Protein chains: 2
Amino acid sequence: MSRGISFEKHDHASCVNEALDVADQFCKAHKLQLTKVRRRVLEILLGQHKAIGAYDILAQLKAEGLGSQPPVVYRALDFLVSHNFVHKVEKLNAYVACSHSGQHHSPAFMICRMCDAVAEMQTSPKAGVFGATAREIGFEIENAVIEAEGICPSCQKDDAAQ
Amino acid sequence: MSRGISFEKHDHASCVNEALDVADQFCKAHKLQLTKVRRRVLEILLGQHKAIGAYDILAQLKAEGLGSQPPVVYRALDFLVSHNFVHKVEKLNAYVACSHSGQHHSPAFMICRMCDAVAEMQTSPKAGVFGATAREIGFEIENAVIEAEGICPSCQKDDAAQ
DNA sequence: TTTGAAAGTGTTATAATATAACAGGATTAA
DNA sequence: TTAATCCTGTTATATTATAACACTTTCAAA
């Protein structure tokens, strides 16, 4: 299925459930607590294929009586981000569910500036020209933020149709 | 000289002046107003080889009687960023003087998490694996944020010395 | 060289994003 | 079963950023 790797349509309900299952199992295996709040925040993010702000998530939690103050959502996000269930999109100060949950990896994003969809792909920051330059000057890369803004295939079509 | 391309030491006063000269000439040539505030903000940023926050810049301006409210510094930064004299480092919500002023280009940064130094290099986002994947899925890249965190050569030495 | 338009600045107010600190409750492991 | 750890709830506040409007400066056309 490769959720989120491209901008393609897919069976959303099942992709959400699959991802939640993976998270449940990962947490069980690693003795992590996927608590009510954390699980619900992940679920909310999985429900979108775009990045959403902490306060948007908070508004949903509030409506459901699941915590009403910023620290609640930020703590849940900290947990989810630190275990790679969710990534922060720095360019947007927003958060997006991961397409490769639970595994340590180095994500890169393509962000559509028309519809706000976000697609995730994997990268190897130490490879390529960037990695080579880093080695050349002796910089030790620990992690990398890679975020491209542009227009997704679907919005290009819409644009052309006008 | 290649200011900022690596983490090397260099003649700082002259590199600041050179960069200001380049900015002056670019603005003259393009009929842009490098006003007092804008020029001073650029100068402050050039005085560092690290990214600094808008409110740190504002504090300096304030001390000099050059504008005391946030919009003053944010407007100056908008100008400087839009003409590529300065870049925003998204990961830090901070700003850094450009090493290749005035020319349209696609910067990438290496950020030292120990000393906060920032080195800029050039990239071609559409090249490499990332660009290839984008083309594959039909995503049109307009601009890219590339920011690596890690440890600069100098801090690696200091670390080893302990 | 005036004068009108555009661009820039000063200021107040507020929005949006994020964290510190501490009290209390739940879970885990000895 | 109890102590330690982790998680949640809450208040308060820090940090980053922008909207809106009045006023000034600059620029360029008449």
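Keep in mind the model is a prediction, meaning the values are calculated, not measured. Note on naming: letters A, B, ... go to the chains in the order of the sequence lines (proteins, then strands), and numbering restarts at 1 for each one.
Sequence neighbours left out, not one pair with a member in residues 66-82 of chain B passes side-chain hydrogen bond (donor to acceptor under 3.5 Å, both in side chains). Note on residues 118-138 of chain B: no pairs pass ring pair (Phe, Tyr, Trp, His ring centres under 6.0 Å), not counting sequence neighbours.
Between B:Lys88 and A:Phe79, the residue anchored closer to the 5' end of DNA chain D is A:Phe79, taking for each the nucleotide with the nearest heavy atom. Mapping A:Gly53 and A:Arg75 onto DNA chain C by nearest heavy atom places A:Gly53 closer to the 5' end of the strand.
With sequence neighbours excluded, the residues forming a side-chain contact (heavy atoms from CB on, under 4.5 Å) with B:Glu140 are A:Gln156, B:Lys126, listed by chain and number. Taking A:Phe109 as the reference, A:His87 meet the ring-ring contact (aromatic ring centres under 6.0 Å, His included) condition, with sequence neighbours excluded. With sequence neighbours left out, A:Gln25 forms a side chain to side chain donor-acceptor pair (under 3.5 Å) with no residue at all. Partners of A:Asn93 by side-chain contact (heavy atoms from CB on, under 4.5 Å), not counting sequence neighbours, listed by chain and number: A:Lys88, B:Asn93. In this view, A:Phe139 and B:Phe7 satisfy the ring-ring contact (aromatic ring centres under 6.0 Å, His included) rule, not counting sequence neighbours.
Look at CG on B:Leu80: it is 10 Å from P on C:dT9, rounded to the nearest Å. In this entry the distance linking NZ of A:Lys36 with P of C:dA26 reads 12 Å, nearest Å. Atoms CG (A:Leu32) and P (C:dT27) sit 16 Å apart, rounded to a whole Å. When the P atom of C:dT27 is taken as reference, atom NZ of A:Lys28 falls 16 Å away, rounded to whole Å.
In summary, the aromatic rings of B:His83 and B:His30 are positioned with their centroids too far apart to meet the 6.0 Å limit.
Recorded end-axis angle for the helix from C:dT1-D:dA30 to C:dA30-D:dT1 stands at 30°, based on five pairs per end and rounded to 10 degrees.
Between the side chain of A:Glu147 and the main chain of A:Lys91, a donor-acceptor pair closer than 3.5 Å is present. Under a 3.5 Å cut-off, the side chain of B:Thr123 and the backbone N or O of B:Ala108 do not form any donor-acceptor pair. Not one N or O on the side chain of A:Glu120 forms a donor-acceptor pair closer than 3.5 Å with the backbone of A:Pro107.
Using a 4.0 Å cutoff to heavy atoms of chain A, the contacted part of DNA chain D runs 5' to 3' from D:dC6 to D:dT11.
Residues from residues 56-73 of chain B placing a heavy atom under 4.0 Å of any atom in DNA chain D, listed by number, are B:Pro70, B:Pro71.
Contact between A:Leu92 and A:Ala51 at its shortest, heavy atoms only, is CD1-CB, 4.1 Å.
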Kindly list each side-chain donor-acceptor pair under 3.5 angstrom involving residues 36-44 of chain A, sequence neighbours excluded, with atom names and distances?
from, atom 1, to, atom 2, distance (Å)
A:Arg38, NH1, A:Gln33, O, 2.7
A:Arg39, NE, A:Asp24, OD1, 3.1
A:Arg39, NE, A:Asp24, OD2, 3.4
A:Arg39, NH2, A:Asp24, OD2, 2.7
A:Arg40, NE, A:Glu64, OE1, 2.9
A:Arg40, NE, A:Glu64, OE2, 3.2
A:Arg40, NH1, A:Glu43, OE1, 3.2
A:Arg40, NH2, A:Glu64, OE2, 2.7

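In this pair, A:Tyr74 does not lay its aromatic ring on the base of C:dT19; centres under 5.5 Å and planes under 30 degrees do not both hold.
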Contact letters for nucleotides 1-7 of chain C, in which S counts primed atoms plus P, OP1 and OP2 and B counts the base, heavy atoms under 4.0 Å: ------S
